[in-house]
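Just below is one structure, and these are the notes that go with it.
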Amino acid sequence: MLRALTLVLSFLIALPLSAAEISVPSGSGLLANAIAGATSGDVLTLEAGLHAGPVIIDLPLTLTGPPEAIIDGMGQGTVITIDASDVVIKGITVIGSGLDSKNLDAGIKILKKADRALIEGNRLLGNLHGVDVHGGHDAVVRDNTIEGTQTPRMNDRGNGIYVWNSPGTVVEGNSVRWGRDGIFSNASRKGTYRNNLFRDLRFAVHYMYTNDSEVSGNVSIGNHLGFAIMFSNNVILQDNLSLSDISHGMMLNYANNAEVSGNLVRGGANRCTFIYNAHKNLIYNNRFEGCNIGIHFTAGSERNILTGNAFLGNRTQVKYVGTRDIEWSFKGRGNYWSDHSSFDLNGDGIADSAFRPNDLMDHLLWSQPAVALLTGAPAVQLIRWAQSSFPATLPGGVVDSAPLMVAPTITVLPQYTAMEADAASRRNESDFDDFDVNDLATH
């Protein structure tokens with residue numbers, strides 16, 4: 001009996017003391033003092049008003065409060081630096097970071113070994129970078145409103161959420177506007193980036209050397225480029241919307257073994273999708289609509305599967321220059337082409353004739369732009385008619401042997417349609433002139 005009582009007492013002594021709930025008034029130095037005097041597990045509740053930063057959180061605690069509780073970094077570096085595991089920052093407003101790109105000044109920075117941070121329901125306004133996940137594992141950045149800087153040159157701004165070497169990061173439900181890129185993920189892996197809204201940025205999502213991860217359910221509106229997957233392997237790019245993005249909806253650049261499905265690109269981009277030196281990707285059930293080029297596909301890309309996609313009303317459905325045929329159907333199921341006039345006599349949903357979205361004149365136009373002056377000439381029309389009548393004269397190119405008769409549909413919620421219309425109306429007033437997306441092919 002005595003031995004059992006001793007064990008119980010030892011267990012009770014080993015338990016940590018109950019976490020304290022501490023109210024922190026606004027004012028200079030009071031938040032820093034509260035953090036310095038806190039113990040692990042404490043909850044610091046900020047009262048409405050201005051709280052002076054910057055501050056460093058070096059033990060597990062929760063920092064919470066109403067949106068009217070504002071931490072201002074006064075333009076000095078990062079506003080909140082997290083240097084301990086299991087820190088929670090919830091519900092407050094963070095402003096006033098420095099603007100030093102070299103030091104990656106941010107509203108909130110999560111350092112290496114500061115694992116399992118939760119950044120939820122905050123407003124991060126006018127900081128260089130919104131949240132910088134810089135080495136901490138398994139961070140969650142959820143339901144925040146992030147509005148970046150609007151300095152004249154977009155490339156000089158910071159990212160809404162910057163993820164560097166931070167495996168297991170989850171970024172979901174955030175609204176990101178202005179700044180440079182919505183999410184820039186670099187040298188990381190096993191991340192999940194889903195259900196975020198991105199507006200008025202350079203890229204919505206920008207991947208560099210980020211493997212084994214997921215980008216799903218995101219909405220990109222009025223950005224220069226929607227979703228750029230670069231130098232990355234085993235990425236799931238699924239159920240995203242690119243609406244009225246200016247240059248590209250999606251890009252696969254040195255991206256391999258990706259699964260790209262259920263995405264919609266709509267609204268006047270130069271290229272709905274650009275595939276550059278990308279291999280063994282499965283691209284299916286996407287909808288590419290109203291772009292100058294549906295897909296720009298480079299000859300260096302091999303063993304990609306394209307099936308079940310819809311190409312609607314693009315000025316050029318496919319731009320591909322090559323000497324051999326590339327089949328764009330899989331197991332008897334091809335893609336839908338709005339400019340393919342065909343019949344389906346047996347009613348199986350597959351057109352009775354194959355479709356080639358490009359011909360010899362297309363090749364000439366792409367390689368010799370001056371030929372465009374002759375587009376309407378009778379000789380050009382005669383060549384096109386001859387190729388359609390005698391397929392043996394066609395050059396290498398994309399062939400769809402089993403075109404679909406019905407296009408897949410993808411629903412867009414009314415609030416996003418309204419934002420899309422607004423972005424389209426502002427297209428001529430955009431500030432993207434200082435950025436050339438073609439540079440990405442070699443970077």
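Heavy atoms only: backbone and side chains are in, while hydrogens, waters and symmetry mates are out.
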Start with the C-alpha gap between V133 and V141, add the side-chain angles, then the distance that decides, and say whether side chain to side chain contact (heavy atoms under 4.5 Å, CB included) holds.
CA-CA 9 Å; V133 189; V141 182; 4.2 Å; yes

When you look at L197 and I221, which way does the side chain to side chain contact (heavy atoms under 4.5 Å, CB included) test go after all the steps?
CA-CA 8 Å; L197 172 63; I221 303 177; 4.1 Å; yes

Stepwise side chain to side chain contact (heavy atoms under 4.5 Å, CB included) check, H248 with M250:
CA-CA 6 Å; H248 296 57; M250 298 190 299; over 6 Å; no

Using side-chain hydrogen bond (donor to acceptor under 3.5 Å, both in side chains), reason through N234 and D212 one step at a time and then give a plain yes or no.
CA-CA 5 Å; N234 304 313; D212 306 307; 3.2 Å; yes

List the steps and the verdict of side chain to side chain contact (heavy atoms under 4.5 Å, CB included) for N122 and I89.
CA-CA 8 Å; N122 304 285; I89 299 179; 3.8 Å; yes

Step by step, would you call D83 with K113 a salt bridge (Lys or Arg N to Asp or Glu O under 4.0 Å)?
CA-CA 7 Å; D83 196 15; K113 298 184 180 180; over 6 Å; no

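Between I295 and F288 there is a side-chain heavy-atom pair separated by less than 4.5 Å. When side chains are defined from C-beta on, I95 does not count as touching I71, because their heavy atoms never get closer than 4.5 Å. Put simply, the side chain of I283 does not reach to within 4.5 Å of the side chain of I305, judged on heavy atoms. Two residues are said to be in side-chain contact when any heavy atoms from C-beta on lie closer than 4.5 Å; T149 and L99 meet this criterion. You'll find the side chain of L125 stays beyond 4.5 Å of the side chain of V94, heavy atoms only. Annotation: side chain of H51 is not in contact with side chain of L30 (no heavy-atom distance under 4.5 Å). Side chains of L63 and L46 form a contact here, defined as non-hydrogen atoms less than 4.5 Å apart. Counting only heavy atoms from C-beta outward, the side chains of V318 and T316 never approach each other to under 4.5 Å.
For T145 (side chain) and S175 (main-chain N/O), no donor-acceptor pair under 3.5 Å exists by modelled atom type. With hydrogens and angles disregarded, no donor-acceptor distance shorter than 3.5 Å links the side chain of T417 to the backbone of Q415. D422 places no side-chain N or O within 3.5 Å of a backbone atom of E420 that could act as its donor or acceptor partner. Between the D181 side chain and the I183 main chain, no donor and acceptor come within less than 3.5 Å of each other. Judged by distance alone, the side chain of T93 and the main-chain N or O of P67 form a donor-acceptor pair under 3.5 Å. Under the 3.5 Å distance criterion, the side-chain polar atoms of K112 are left unmatched by any main-chain donor or acceptor of N165. No donor-acceptor distance shorter than 3.5 angstrom exists from the side chain of D72 to the backbone of G53, with no hydrogens or angles considered. Between the side chain of T298 and the main chain of I275, a donor-acceptor pair closer than 3.5 Å is present. The closest donor-acceptor contact from the side chain of R116 to the backbone of H137 lies at 3.5 Å or more, if one exists at all. Proximity of a side-chain donor or acceptor of N309 to a complementary backbone N or O of R287 within less than 3.5 Å is not detected.
In this structure, a donor-acceptor pair under 3.5 Å is present between the side chains of N218 and N240. Checked by atom type, the side-chain pair E327/S401 shows a donor-acceptor distance below 3.5 Å. There is no side-chain donor-acceptor pair under 3.5 Å between R303 and H279. A donor and an acceptor atom, one from each side chain of H224 and R202, are nowhere located under 3.5 Å apart. A donor atom on one side chain and an acceptor atom on the other are found under 3.5 Å apart for N304 and N281. For N314 and E289, the side-chain atoms include no donor-acceptor pair closer than 3.5 Å. Counted by atom type alone, S342 and S353 present one or more donor-acceptor pairs between their side chains at under 3.5 Å. The closest side-chain donor-acceptor pair between S213 and Y193, if any, does not fall under 3.5 angstrom. A donor and an acceptor atom, one from each side chain of S220 and D245, are located under 3.5 Å apart.
Residue N186 comes nearest to Y162 through the heavy atom pair ND2-OH, 4.0 Å, listed as atom of the first residue, atom of the second, then distance. S338 and L312 get closest at one heavy-atom pair: OG-CA, 3.5 Å. The two residues V260 and N286 come nearest to each other via the heavy atoms O-ND2, 3.0 Å. Contact between S244 and A423 at its shortest, heavy atoms only, is OG-C, 4.0 Å. When every heavy atom of G249 is checked against every heavy atom of S242, the shortest pair comes out as CA-OG, 3.3 Å. Between N263 and L237, the closest heavy-atom pair is ND2-O, 2.9 Å.
Every salt bridge (charged side-chain N to carboxylate O under 4.0 Å, His left out) that R142 has, sequence neighbours left out, goes to E120, E172.
In the displayed structure, L111 atom CG is contacted under 6.0 Å by more than 12 heavy atoms of other residues, nucleotides or ligands. The number of heavy-atom neighbours closer than 6.0 Å to CZ of R189, taken from other residues, nucleotides and ligands shown, is 12 or below. Summarising the local packing, CD of E21 is surrounded by 12 or fewer heavy atoms from other residues, nucleotides or ligands at distances under 6.0 Å.
For the atom pair R153 CZ and R180 CZ, the distance stands at 11.0 Å (nearest 0.5 Å). The OG1 atom of T78 lies 11.5 Å from the CD1 atom of I110; values are rounded to the nearest 0.5 Å. Interatomic distance, N174 CG to I161 CD1, rounded to the nearest 0.5 Å: 4.0 Å. Note that CG of N223 and CG of L201 are 4.5 Å apart. Values are rounded to the nearest 0.5 Å. Between the CE atom of M419 and the CG atom of L413 there is a distance of 10.0 Å, given to the nearest 0.5 Å. Rounding to the nearest 0.5 Å gives a distance of 8.0 Å between CG of N256 and CG of N277.
F231 pairs in a ring-ring contact (aromatic ring centres under 6.0 Å, His included) with only one of the listed residues (Y276, Y209, Y207), which is Y209. With M251 as the fixed residue, the side-chain contact (heavy atoms from CB on, under 4.5 Å) test singles out one of F203, F227, F274: F274. Of the listed residues (T307, L282, N335), just one forms a side-chain contact (heavy atoms from CB on, under 4.5 Å) with F330, and that residue is T307.
Two rings, from F355 and W328, have their centers 6.0 Å or more apart.
Between F297 and Y320, the two ring planes are tilted [angle within 30° to 60°].
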